[in-house]
2 protein chains.
Amino acid sequence: MAHSAGTNGKRGRDEMSRRGLSQVEVALVEFFVSLADMAGMPKSVGEIYGLLFASEESLAMDEIIARLGLSKGSASQGLRFLRDCQAVRTVYRVGDRRDFYEPELGLRNLAAGFLKEKIGPRLAEGSRKLAQLEEVIAKETPTLRRVHENRVHRIRSWQRTGQKIIPFALKFLKA
Amino acid sequence: MAHSAGTNGKRGRDEMSRRGLSQVEVALVEFFVSLADMAGMPKSVGEIYGLLFASEESLAMDEIIARLGLSKGSASQGLRFLRDCQAVRTVYRVGDRRDFYEPELGLRNLAAGFLKEKIGPRLAEGSRKLAQLEEVIAKETPTLRRVHENRVHRIRSWQRTGQKIIPFALKFLKA
DNA sequence: CGTAAAGTTCAAATATTATTGAACAAAATG
DNA sequence: CATTTTGTTCAATAATATTTGAACTTTACG
């Protein structure tokens with residue numbers, strides 16, 4: 001078990017309070033946990049971002065571990081994920097070897113980082129697979145080919161629309 | 001086990017081919033499985049939509065079951081999910097009691113259905129939780145309150161931006 | 001009605017994903 | 001350079017989500 005205080009493996013609202021998180025901190029952590037869930041990220045990622053978001057000053061990994069009651073492994077991986085998406089930044093404090101973390105608060109940057117890191121690669125992969133598919137279709141008999149080309153063109157059209165919308169939406173978020 | 005042909009529980013590319021799916025159908029099913037995964041939907045939902053998308057004519061549930069080799073339960077639940085999001089429609093054929101399904105092909109309608117059915121309720125729930133949180137914050141001491149209000153206002157601002165973008169993006173997709 | 005076909009539900013089984021923690025690596029400190 | 005602090009990795013474990021299939025409901029048909 002990752003921590004000494006709890007009587008079981010679940011980190012619920014009660015245990016969070018016991019660890020010294022205020023009601024507001026607990027609520028913000030919960031809020032971001034449900035957002036993380038919506039975006040298909042692990043719960044621990046939501047917890048960490050939520051805690052940093054609620055916290056006035058930056059936090060080191062061991063502080064995050066202590067306050068959320070999660071394991072070193074989860075904290076390390078969660079912070080890496082958040083760094084990869086540029087949802088958190090490290091800040092340096094004189095006389096302290098640890099890395100301190102603070103959250104990115106700009107919606108535009110959060111969205112851009114998530115799109116670039118987590119969505120972009122998968123769309124690129126899809127695009128690659130579609131290209132392969134078009135090769136297969138080109139070899140089919142004319143009757144069959146007509147139907148399949150129609151379908152694949154439909155997806156291509158979706159992709160073109162998406163590629164127009166995304167940069168536009170990001171500009172919209174600039175504010 | 002849901003089907004008689006396979007030697008194990010996995011439905012891979014090989015088994016799909018054996019069931020009489022063409023190379024193109026297999027590729028389209030795979031394509032939508034990975035899209036479904038990206039959107040946090042069960043694989044079976046992607047399979048079903050992919051098969052319908054690849055299919056020139058509408059299909060009944062038992063045909064979907066036979067061709068994809070999934071269970072009655074999965075097919076029923078998957079089709080319900082797709083109907084809920086308006087990603088598929090039922091069509092009627094004379095002299096056949098079964099419901100036949102065809103896919104929605106318009107990106108705008110697909111996106112709108114997904115947002116309304118799967119994203120909307122969660123955002124509403126988040127909004128509700130934020131309102132509760134604001135009540136708690138209002139009761140805090142002035143010093144603490146200042147910090148927390150700042151954080152929550154940030155989220156409110158995100159929400160306002162999101163609420164402006166979504167209808168705009170949907171209009172953009174109308175084409 | 002009685003029967004059969006079509007479809008749904010849900011508890012149990014399975015598959016997938018996240019978390020843990022101990023072993024390891026890197027880097028600063030004295 | 002030995003030691004301590006900080007952080008990472010990854011195999012085992014725990015937790016979660018999906019799938020299955022048998023029992024059930026609903027609807028149509030003769």
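Convention: sequence-line order gives letters A, B, ...; per-chain numbering from 1.
- Counting to the nearest Å, the P atom of dA17(D) and the CD atom of Gln77(B) are 15 Å from each other.
- Residues Val147(B) and Asn150(B) fail the side-chain proximity criterion, which asks for heavy atoms closer than 4.5 Å.
- Residue side chain Arg97(A) reaches the base of dA27(C) through a donor-acceptor N/O pair under 3.5 Å, judged by distance alone.
- Between dA18(C) and Ser44(A), no contact under 4.0 Å exists linking OP1 or OP2 to a side-chain N or O.
- Counting heavy atoms from C-beta on, the side chains of Met38(A) and Leu123(B) come closer than 4.5 Å.
- Nucleic acid contact for Asp62(B): none, since no nucleic acid atom lies under 4.0 Å from a heavy atom of the residue.
- A donor-acceptor pair under 3.5 Å is absent between the side-chain atoms of Arg67(B) and the main chain of Leu21(B), judged by distance alone.
- Here dT8(D) is the nucleotide among dT20(D), dT8(D), dT18(D) with the atom lying nearest to any side-chain atom of Met61(A).
- Note on Glu125(A) versus Arg122(A): no salt bridge recorded, every NZ/NE/NH1/NH2 to OD/OE distance being 4.0 Å or above.
- Between Tyr92(B) atom OH and dT27(D) atom C1' the separation is 13 Å, expressed in whole Å.
- We find that NZ of Lys43(A) is positioned 12 Å from C1' of dA14(D), with the value rounded to whole Å.
- The CG atom of Asp96(A) sits 14 Å away from the C1' atom of dG7(D) (whole-angstrom rounding).
- When each of Val45(B) and Tyr101(A) is assigned the nucleotide of DNA chain D with its nearest heavy atom, Tyr101(A) is the one assigned upstream, toward the 5' end.
- For the ring pair (Phe, Tyr, Trp, His ring centres under 6.0 Å) test, no residue two or more places apart in sequence or in another chain qualifies with Tyr101(A).
- If you take NZ of Lys72(A) and P of dA25(C), they are 14 Å apart, rounded to a whole angstrom.
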Base-pairing string, 5' to 3', of DNA chain D - Watson-Crick or wobble, under 3.5 Å, | interstrand: ||||||||||||||||||||||||||||||

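- For the OP1/OP2 pair of dT27(D) and a distance below 4.0 Å, the side-chain nitrogens and oxygens of Arg98(B) include no atom meeting the criterion.
- Pairs of residues two or more places apart, or lying in two chains, that qualify as salt bridge (Lys or Arg N to Asp or Glu O under 4.0 Å) and include a residue from residues 153-166 of chain B are Glu134(B)-Arg156(B).
- With dT20(C), dT18(D), dT20(D) as the choices, the nucleotide that has an atom nearest any side-chain atom of Pro42(B) turns out to be dT18(D).
- In this pair, Phe32(B) and Trp158(A) present their aromatic rings perpendicular. The plane angle is above 60°, beyond the 30 to 60° band.
- Closest to the side chain of Ser76(A), out of dC29(D), dT9(D), dT19(D), is dT9(D).
- What separates CG of Asp99(A) from P of dA26(C) is a distance of 16 Å, to the nearest Å.
- In this structure, CD1 of Ile65(B) is placed 15 Å from P of dA5(C), rounded to the nearest angstrom.
- Side chain of Ser71(A), nearest nucleotide from dT19(C), dG7(C), dT19(D): dT19(C).
- Rounded to whole Å, atom P of dA17(D) lies 21 Å from atom CG of Leu70(B).
- For the OP1/OP2 pair of dT9(D) and a distance below 4.0 Å, the side-chain nitrogens and oxygens of Arg80(A) include at least one atom meeting the criterion.
- Of the inter-residue distances, the one linking Thr161(B) atom OG1 with Leu173(A) atom CG reads 6.5 Å to the nearest 0.5 angstrom.
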